[in-house]
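Note on naming: letters A, B, ... go to the chains in the order of the sequence lines (proteins, then strands), and numbering restarts at 1 for each one. All values below come from the heavy atoms of this structure, side chains included, with hydrogens, waters and symmetry mates left out.
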Amino acid sequence: MKTTTMIVSILLAGLLTNNMVLSKFLGICPFLGVSKKVNTAVSMSIAVTFVMIIATAVTYPIYYYLLQPKYEYLETVVFILVIAAIVQFIEIFLKKYIKPIYNALGIYLPLITTNCAVLGITMLNVTDFDITKYSFGKLYLFSLTNALSAGLGFMLAMVLFAGVRQRLETADIPEFMKGLPITLVAAALCSLSFLGFAGIGG
Amino acid sequence: MKSKNLNVFTNGLLRENPVLRLVLGTCPTLAVTTAAKNGIGMGIAATIVLVCSNLVISLLRNVIPDKVRIPAFITIIAGFVSVVQMLVKAFTPAIDEALGIYLPLIVVNCIILARAEMFASKNSVLPSILDGLGMGIGFTAVLTLMGAIREFFGAGTILGFAVTSKFISPMIIFLLPPGGFFVFGMLVALSNALAKRKGKPIVEKMGCENCPAKDSCDKSTESCENAKEAE
């Protein structure tokens with residue numbers, strides 16, 4: 001497949017057909033827990049996207065040059081430690097040098113270390129793209145695109161769902177369905193509507 | 001003393017079931033339960049990690065400095081996850097294939113970090129092991145039940161044996177992502193209805209009370225709301 005076609009299909013997959021939250025179930029905690037207000041949802045997902053891209057930028061070369069093909073079993077330990085260190089570092093760096101961004105996003109950073117979406121995307125980058133088929137440059141480009149599109153997909157799902165939840169607050173719901181159960185059923189319907197995109201982008 | 005330990009063990013089975021009562025570990029619950037077999041596999045893998053990490057963390061609880069406890073816990077958990085991952089790969093490759101990246105993602109499964117933080121770092125070795133075992137079995141039971149429900153409706157089989165698949169065409173939607181959200185929602189509603197009948201509090205929110213990231217999460221939503229009010 002040509003590089004540009006590949007990139008377009010990665011973007012479409014992350015946004016619509018293989019949405020991080022609604023079809024891969026990664027990052028469910030912030031999706032169900034935080035997404036009550038649209039602006040919280042947006043800033044949270046910008047922070048997640050930012051960390052996903054930086055985490056991919058650091059972990060993929062580590063995987064390509066150090067871990068594969070002999071030390072792949074260390075992937076889990078190395079990736080989670082690298083991500084934890086990166087998040088700490090970003091927090092310190094932003095606090096010291098770029099105050100406005102820190103004020104807007106900094107509060108979400110500690111939350112993101114244990115977010116399965118971030119660790120998930122770095123691991124998916126390793127399994128999604130065939131390492132024997134492409135050069136490192138292309139693989140790196142695909143992985144970064146994958147992280148970006150997953151982050152944008154996360155944002156799309158969070159924002160859409162924040163809207164749905166605002167409507168749910170005024171709805172008349174049976175006693176035993178109130179709260180979490182009805183939220184989950186609403187998420188099921190959201191995810192059902194995303195199934196309609198299946199097949200787009202190959 | 002004995003009854004206290006028994007209490008710790010049975011806590012995770014029903015009263016404080018990690019999935020239905022504490023609402024932790026939602027990601028694997030939704031993702032891998034397309035068949036009862038996968039639920040059992042995921043449950044056992046997570047139980048082994050939970051028991052081992054609880055054991056080691058409670059042994060080291062006086063050694064680990066408070067400030068770096070979360071990174072220390074994550075490192076210990078990641079070590080055990082790698083061990084389990086290699087064992088699963090070697091002995092049950094089919095389960096490894098079915099669980100995919102959700103097997104290494106046990107590292108960030110909030111049940112394990114939450115039990116380390118709430119229980120193992122404060123209690124001695126034996127109760128910590130029992131707590132891990134109880135929570136793990138509770139987790140496995142719910143995952144298996146949910147897997148069986150989705151498999152029954154979505155494929156007409158249970159544990160791979162044909163039940164209705166010969167004469168009714170199955171509803172594949174139950175195996176797809178929406179089915180996961182829907183069945184989980186119904187299970188929580190059912191457990192809420194039962195809890196209410198027994199006079200216990202019902203679960204209305206995500207398991208934020210038991211989440212290790214609760215403090216920073218609260219802070220962030222709070223400051224967001226303040227910012228909105230200021231506008």
Fill in the blank from the handout: Among B/I77, B/T75, B/N192, B/L105, the residue with the most heavy-atom pairs under 4.5 Å to chain A is B/L105
Fill in the blank from the handout: Answer key: most heavy-atom pairs under 4.5 Å with chain A among B/G185, B/A31, B/A78, B/P178 is B/P178
Testing the 3.5 Å rule here: is there a donor-acceptor pair between the side chains of [X] and [Y]?
| X | Y | answer |
| --- | --- | --- |
| B/T34 | B/E151 | no |
| B/R21 | B/N17 | no |
| B/S121 | B/R61 | no |

Problem - Part of A/L192 within contact of chain B (heavy atom distance under 4.5 Å) - result: both
Exercise for the section: Pick one of side chain, backbone, both or neither for A/L74, based on which atoms fall under 4.5 Å of a heavy atom in chain B. Expected result: neither
Problem - Ring centres under 6.0 angstrom apart (A/F129, A/Y134) - result: no
Fill in the blank from the handout: Rounded to the nearest 0.5 Å, the CG atom of A/L26 sits from the CE atom of A/M20 at a distance of 4.0 Å
Exercise for the section: Counting only heavy atoms closer than 4.5 Å, note whether B/L190 contacts chain A via side chain, backbone, both or neither. Expected result: neither
Handout entry: Under 4.5 Å from a heavy atom of chain A, the part of B/L187 involved
Key = neither
